[in-house]
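Just so we're on the same page: letters track the sequence lines, and every chain starts at 1. Small disclaimer: the values here were computed from a predicted structure and weren't measured. The analysis underlying the following values was restricted to heavy atoms, covering all of them including side chains, and did not include hydrogens, waters or symmetry mates.
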Amino acid sequence: MERKNKLKYDAIVIGVSAGGMEALSVIFPGLPKEFPLSITVVQHRQADSDDFLIQYLNNLSPMLVKEAEEKESLSSGVVYIAPPGYHLLIEEDHSFTLSVDPPVNYARPSIDVLFESAADAFMEKLVGIVLTGASADGSLGLKKIKELGGLTLVQAPETAEHPFMPRAAVQATQIDHILQLNQISPFLLEQFSVHS
Amino acid sequence: MKRTQIENIEIELLLEGIFRRHGYDFKHYARASLKRRLEAIVSRQNLNHISEILPRVLYDHDFMNDFVKGMSVTVTEMFRDPFVYRAIRKLVIPFLKTFPFIKVWHAGCATGEEVYSMAILLKEEGFYDRTQIYATDFNRSSLRIAQEGIYSIKDMKQFTQNYYKAGGKTSFSNYLYSKYESAKIQDSLKKNILFSHHNLVADGVFGEMNLIICRNVLIYFDMDLQNRVLSLFHNSLCHGGILCLGSKESIRFSSVWPKFEVIAEKEKIFKKKYENFGMVNGTEKQVEI
Ligand SMILES: C[S@@+](CC[C@H](N)C(=O)[O-])C[C@H]1O[C@@H](n2cnc3c(N)ncnc32)[C@H](O)[C@@H]1O
């Protein structure tokens, strides 16, 4: 067994807003249970949302999907979803911190907050992905990921249910790969999967 | 060296400087959220680097006050997480009512909304007059706002919704005087509340509390400091005393976990276990465990 991109990347962060549930339910069924990276997701939603999103995604995804908990350490093969009403940040020891600081880009959780902290925590070993959404959240975060040497992916705006957010990301920084929604998990598999 | 690594040097030097100059210890705050707040100060003050804050906190008195304000996140609301207040009504109040008189400590009360929410709840449960509430924070300017109890009328819509979801028994407007753009908390709610300055990092125990409420403060601390503050709470509670934390905070992975039992998991309500003690000449003798 040999990992193609051995140790090149340690974690993936995904930011998604309007249209996110559909977009995520295209991506996650394609990733195997033993996917070698952790995936942390900020999906914009109401502060009093219940855990429907998590249960729904967990049912259709081979990877474990769970809410990110305060001080929990990130593990590979797990999808962490930011709890509604809190910002989610990643510490340098690769554990989560929550905060109730004011909303950023009208959002809490905010994608920029996750991405910027993740960029500091993982530096060049981070993959950032911006998907459909009707806000500009995530573009500053993706810019920082790029500046610190990470890999940047964006859903092709013309194929996004809400193109504003991926478009803002494309304008903010240099994007390594612009992909259609259904190309994203094959791409991730190809890049990071364990090959025998 | 990467930018992130240089910034870490700046942050460490700054925190050390603040500690030695002013005694405020931010070294055990959760680093990722602390860094964001430092960056916010850098951009508000038109600085370029975190290290430029250092000379200001060393020499500029007014700046230090602003700095503490900037470091403390006072975002709060009345009846935040209404389901928690419902659980307090149902599971905690009946127990507290078995005491003739109780003491409540709100630690990290910010601008006071949560304290007045509790006062309303106690009033509706017919228990307010048998309660002394201590409300503390380390941010003096938010304590002043808390003491005044004047809030923007804009927030009232949400507070009112929360109040009903929390099981409010009358009309929320009964507790407020509204005037122009603001709503002022009724004096009758204030009379048993004492607001005071207390720094959870540096200051000591508050004696013999029946209920401690500390919500959305521990998330700003690292594991070490969380453990220290949780022991402080444990030592401040009477036997069987109740601890209520924020909805995303827990004691499960902390050092005090064996010393509490769970009253409500989702609402993060815990009860200090009765330690084994023997009665010696009518006085409690604690057995070390
Ligand atoms: C986000 S607010 C929580 C307000 C309220 N408890 C709630 O949940 O809505 C956090 C509060 O903790 C206070 N705080 C932070 N560090 C503190 C310390 N070392 N000692 C006392 N209070 C502190 C801040 O000043 C701020 O008011």
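- Residue contact with chain A, scored on non-hydrogen atoms closer than 4.5 Å, involves the backbone and the side chain of R31(B) alike.
- For D48(A), the part lying near chain B is the side chain, with the backbone staying farther off; criterion is any non-hydrogen pair under 4.5 Å.
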**Item:** Stepwise side-chain contact (heavy atoms from CB on, under 4.5 Å) test for L230(B) and L243(B)
**Value:** CA-CA 10 Å; L230(B) 285 167; L243(B) 175 63; 4.1 Å; yes
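- Heavy atoms closer than 4.5 Å to chain A are found in the side chain of R80(B), but not in its backbone.
- No side-chain donor-acceptor contact under 3.5 Å links D66(B) and Q45(B).
- Contacts between V104(A) and chain B at a heavy-atom distance below 4.5 Å involve the side chain alone, from C-beta outward.
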**Request:** Go through K90(B) and E267(B) one step at a time and tell me if the side-chain contact (heavy atoms from CB on, under 4.5 Å) criterion holds.
**Result:** CA-CA 12 Å; K90(B) 202 167 134 221; E267(B) 293 80 1; over 6 Å; no
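- Heavy atoms closer than 4.5 Å to chain B are found in the side chain of T97(A), but not in its backbone.
- Between K2(B) and E124(A), at least one side-chain nitrogen of the basic residue sits less than 4.0 Å from a carboxylate oxygen of the acidic one, meeting the salt-bridge criterion.
- Counting only N and O atoms by type, the side chains of S247(B) and D81(B) include a donor and acceptor under 3.5 Å apart.
- For F221(B), the part lying under 4.5 angstrom from a heavy atom of chain A is the backbone only.
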